[in-house]
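Only one structure is covered here, and it is reproduced in the block below.
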Amino acid sequence: MSEVVLLIDCNSFYASCELLFRPDLKGRPVIVLSNNDGCVVARSKEAKKIGIPMGAPLFTIEHLIKTFDVVQFSSNYPLYNDISNRVMNTLRRFASAIEIYSIDEAFLTIPCPKEGVDILDLAKTIRQTVLKEIGIPVSIGISHTKTLAKVASIEAKKNATGVHALIEKKEIDSTLQKLDVVEIWGIGQRLAPKLQSYGVFTALDLKKTDKTRLKKLFNIVVVKTALELDSIPSFELEEIPKFPKSITCSRSFGKPIEELSLLQEALSSYTAQAAEKLYRVGGTAGGIIVFLTTNRFSEPFYANSIYIPLMEKTFYPPTLMEKGLEGLFEIYRAGYFYKKVGVTFVDLSRTTQHQLTLFQEQFQLPKKQKELVDAVHRIKKRFGINAIQYASEGIRKPWKNKKELRSPLYTTLWEDILTIQI
DNA sequence: TCTGGGGTCCTAGGACCC
DNA sequence: TCTGGGGTCCTAGGACCC
C-alpha cells in the first residue's frame with residue numbers, strides 16, 4: 001500500500017461559518033436556511049441534538065425554534081465560499097493530491113506514512129491546523145478508497161478526536177457490518193430498498209455480493225461502490241476540476257408572480273448571473289433552456305421548459321438574455337402565479353477549444369461586445385456584484401427572494417468587514 | 001401563510017443507417 | 001404466412017451527491 005485516502009469534511013459547515021463571526025452564539029442551537037428562508041440546510045451540533053432534521057421546512061419546526069430559542073440565519077454563500085477557499089488552501093499543504101469535492105469536503109491522498117508514524121497523528125495535526133488557522137472544525141476519515149474514507153468519516157464524527165482510520169481488514173469488516181446500505185456513499189433512498197429486496201442489508205453484504213449479479217441487477221456505479229468497499233479503488237481522485245457541462249441559475253420568488261414583465265426581469269437577472277459564471281470558467285454556450293413553474297404544492301399547477309439552440313456559441317449576456325426572453329414568452333401562460341423561473345446553459349465549450357464557423361480563424365466576440373463584457377466583469381469585481389447591471393433586470397425587483405436573516409458579508413465586502421470595539 | 005439550488009452520471013429505448 | 005441483424009447516436013428519465 002503506497003497511499004491512503006483522507007476525506008476531510010467540515011462539520012455543520014454553514015453553521016460553523018456563521019459562528020466564526022458570532023462567538024457569542026456558541027452553545028446555542030444555530031440553523032442556516034435555504035435561499036428563500038424556506039427550509040433548513042445546515043444545523044449546528046446543538047440544533048441536531050434537539051431534533052431539527054436536515055431539509056425540514058421552516059414551518060414544520062416552529063415549535064422547536066420557540067422552545068429552544070434557535071438562532072436562524074439566511075444563507076450567505078459569498079461568505080461560505082470564501083471560508084471554503086481558505087480551508088482548502090490550508091489542506092493543500094498536507095496533500096500530494098487534493099480533490100475539492102464540494103464546498104465543505106475534500107479528498108486528499110498522502111504518501112503512506114513511514115513505519116512508526118501514526119496516520120491518526122497526522123490527521124489530528126491537519127485538524128488542529130484548520131481549526132487554528134481558519135476556525136472551522138473538521139472530521140477526517142482515512143482508508144484505502146474514497147468510499148471507505150467516507151465510511152471512516154461517519155465514525156470520525158462520533159469520536160471526540162474527530163478522526164478515524166479504517167486500515168485493517170478486520171476492523172473494516174466489523175464497521176461495514178454495522179453500516180446500513182443506505183448510509184453508503186452512492187446508495188440512496190431508491191437503491192437501498194431494492195438492494196434489501198435482494199438480501200443486501202449492510203455494507204458488508206454489498207461488499208460480498210457477486211459483482212456480475214450487481215451489474216445485471218443495478219449498474220456500473222453500484223459495482224464500483226462494492227469494489228471500493230472491498231478496498232479496490234474504483235473512483236479516481238479528480239484533481240483538476242472538470243469543465244462544467246451545464247450552468248444553471250434559478251430562484252424561488254419571495255412571493256408568487258403573475259405578470260410577464262416581472263418574470264422577464266427575474267429571468268434577465270438570472271441569465272446575467274449565469275453568464276457571469278460562464279465568463280469566469282472561460283466558456284461559451286451552444287444552447288439555453290428556460291423553465292418556469294408555479295408552486296408545486298398548490299393548484300392550479302403549471303410547469304414548462306423550452307430549449308433554444310444558438311446559431312453561434314457565445315457568452316455575450318445580451319444575446320443570451322434576448323434568446324432566454326424569447327423562450328420565456330413561448331412558455332408563459334397568463335393566469336398562473338409563478339414560484340420560480342430559471343435558465344440553464346448547455347452544450348458548453350471552452351473558448352480556447354472552439355469549434356469555429358467556416359470563416360473564423362479564432363473564436364472571439366466582436367470587439368465591442370468583448371470590451372463590454374470585460375468592463376462589466378471588472379466593475380463587479382472591484383465594486384461588488386451589485387455595482388452594475390443590465391436595465392432589463394429591473395430596478396425594484398419585487399420578485400427577489402426573502403433573505404431576512406442574512407449575516408453581513410464579513411470577508412467579501414469592505415462595508416461589512418468585522419469591526420471590533422475595545 | 002411557509003417546502004432550495006446546482007450539479008453529474010447511467011441506462012433504456014427510439015431513431016436512423018447500412 | 002412471411003417480416004434481419006448490427007451498430008451508433010440522442011434523449012428522457014431516474015438515480016445520486018452536497
Side-chain angles (χ1 to χ4, degrees), chain A residues 7-14 31-43 52-63 65 72-77 80-81 84 99-107 146-147 150 153 181-195 214-225 234-236 238 241-256 266 270 273-274 277-278 281 287 289 291 293-298 301 305 307 309 337 339-348 401-406:
Chain A
L7 174 67
I8 286 89
D9 190 335
C10 300
N11 299 346
S12 314
F13 183 55
Y14 299 167
I31 58 174
V32 178
L33 304 172
S34 63
N35 234 315
N36 212 19
D37 290 352
C39 50
V40 178
V41 294
R43 307 155 296 159
I52 296 178
M54 183 63 172
L58 195 54
F59 71 92
T60 62
I61 54 165
E62 292 292 353
H63 59 291
I65 290 173
Q72 308 165 57
F73 287 97
S74 299
S75 41
N76 185 348
Y77 291 104
Y80 310 150
N81 272 311
S84 172
E99 171 186 341
I100 296 167
Y101 177 68
S102 73
I103 194 165
D104 67 341
E105 278 175 58
F107 288 103
K146 289 165 101 175
T147 306
K150 275 271 188 183
S153 91
V181 274
V182 78
E183 303 288 319
I184 303 167
W185 186 46
I187 306 298
Q189 297 298 326
R190 301 296 178 97
L191 287 176
K194 195 174 164 191
L195 280 162
L214 281 180
K215 176 69 180 76
K216 209 183 285 173
L217 295 172
F218 297 90
N219 60 44
I220 191 67
V221 181
V222 176
V223 174
K224 286 182 171 181
T225 299
S234 305
F235 298 121
E236 292 295 309
E238 286 160 19
K242 286 195 175 136
F243 185 74
K245 297 193 161 46
S246 65
I247 290 174
T248 301
C249 184
S250 74
R251 298 271 180 282
S252 296
F253 302 132
K255 54 174 182 241
Y270 304 157
Q273 283 175 60
K277 195 164 170 191
L278 184 62
V281 300
I289 296 162
F291 53 93
T293 176
T294 61
N295 190 333
R296 66 196 153 105
F297 298 102
S298 56
F301 176 75
S305 71
Y307 170 71
F337 286 91
K339 180 71 181 162
K340 186 201 263 192
V341 297
V343 63
T344 301
F345 299 157
V346 293
D347 193 12
L348 307 185
N401 61 33
K402 295 183 264 181
K403 271 213 168 192
E404 289 158 0
L405 310 162
R406 198 179 78 181

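Below, chains carry the letters A, B, ... as their sequence lines are ordered, and counting in each starts from 1.
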What does nucleotides 1-7 of chain B look like as a protein-contact string, B for base, S for sugar-phosphate only, - for none, at under 4.0 angstrom between heavy atoms? -BBSSSS
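- The closest side-chain heavy-atom distance from V343(A) to I289(A) is not below 4.5 Å.
- Within the 4.5 Å cutoff, no side-chain heavy atoms of F73(A) are placed close to those of I31(A).
- Counting only heavy atoms from C-beta outward, the side chains of V341(A) and F253(A) approach each other to under 4.5 Å.
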Please walk me through it: do T294(A) and K339(A) pass side-chain contact (heavy atoms from CB on, under 4.5 Å)? CA-CA 5 Å; T294(A) 61; K339(A) 180 71 181 162; 5.5 Å; no
Contact pattern, 5' to 3', of nucleotides 8-18 of chain C - B, S or - by protein heavy atom under 4.0 Å: -------SSSS
Could you walk me through whether F291(A) and T248(A) pass the side-chain contact (heavy atoms from CB on, under 4.5 Å) check? CA-CA 11 Å; F291(A) 53 93; T248(A) 301; 4.2 Å; yes
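- Using a 4.0 Å heavy-atom distance criterion, K215(A) is classed as a sugar-phosphate-only contact.
- Rounded to whole Å, the P atom of dC2(B) lies 30 Å from the corresponding atom of dC18(C).
- The residues E99(A) and K146(A) are annotated as salt-bridged, a charged nitrogen and a carboxylate oxygen being separated by less than 4.0 angstrom.
- Side-chain contact between P244(A) and V281(A): present, with at least one pair of heavy atoms (C-beta onward) separated by less than 4.5 Å.
- E105(A) places a side-chain heavy atom less than 4.5 Å from the side chain of L7(A).
- For the pair K224(A) and F235(A), the NZ or CZ position fails the cation-pi test of under 6.0 Å to the six-membered ring centre and within 45 degrees of the ring normal.
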Give the dot-bracket string for DNA chain C, reading 5' to 3', where a pair is Watson-Crick or G-U wobble with both distances under 3.5 Å, ( ) marks pairs inside the strand, [ ] marks pairs crossing earlier ones, | marks a partner on another strand, and . marks unpaired. ....||||||||||||||
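- The aromatic rings of Y14(A) and Y77(A) sit perpendicular, their planes meeting at an angle over 60°, well past the 30° parallel limit.
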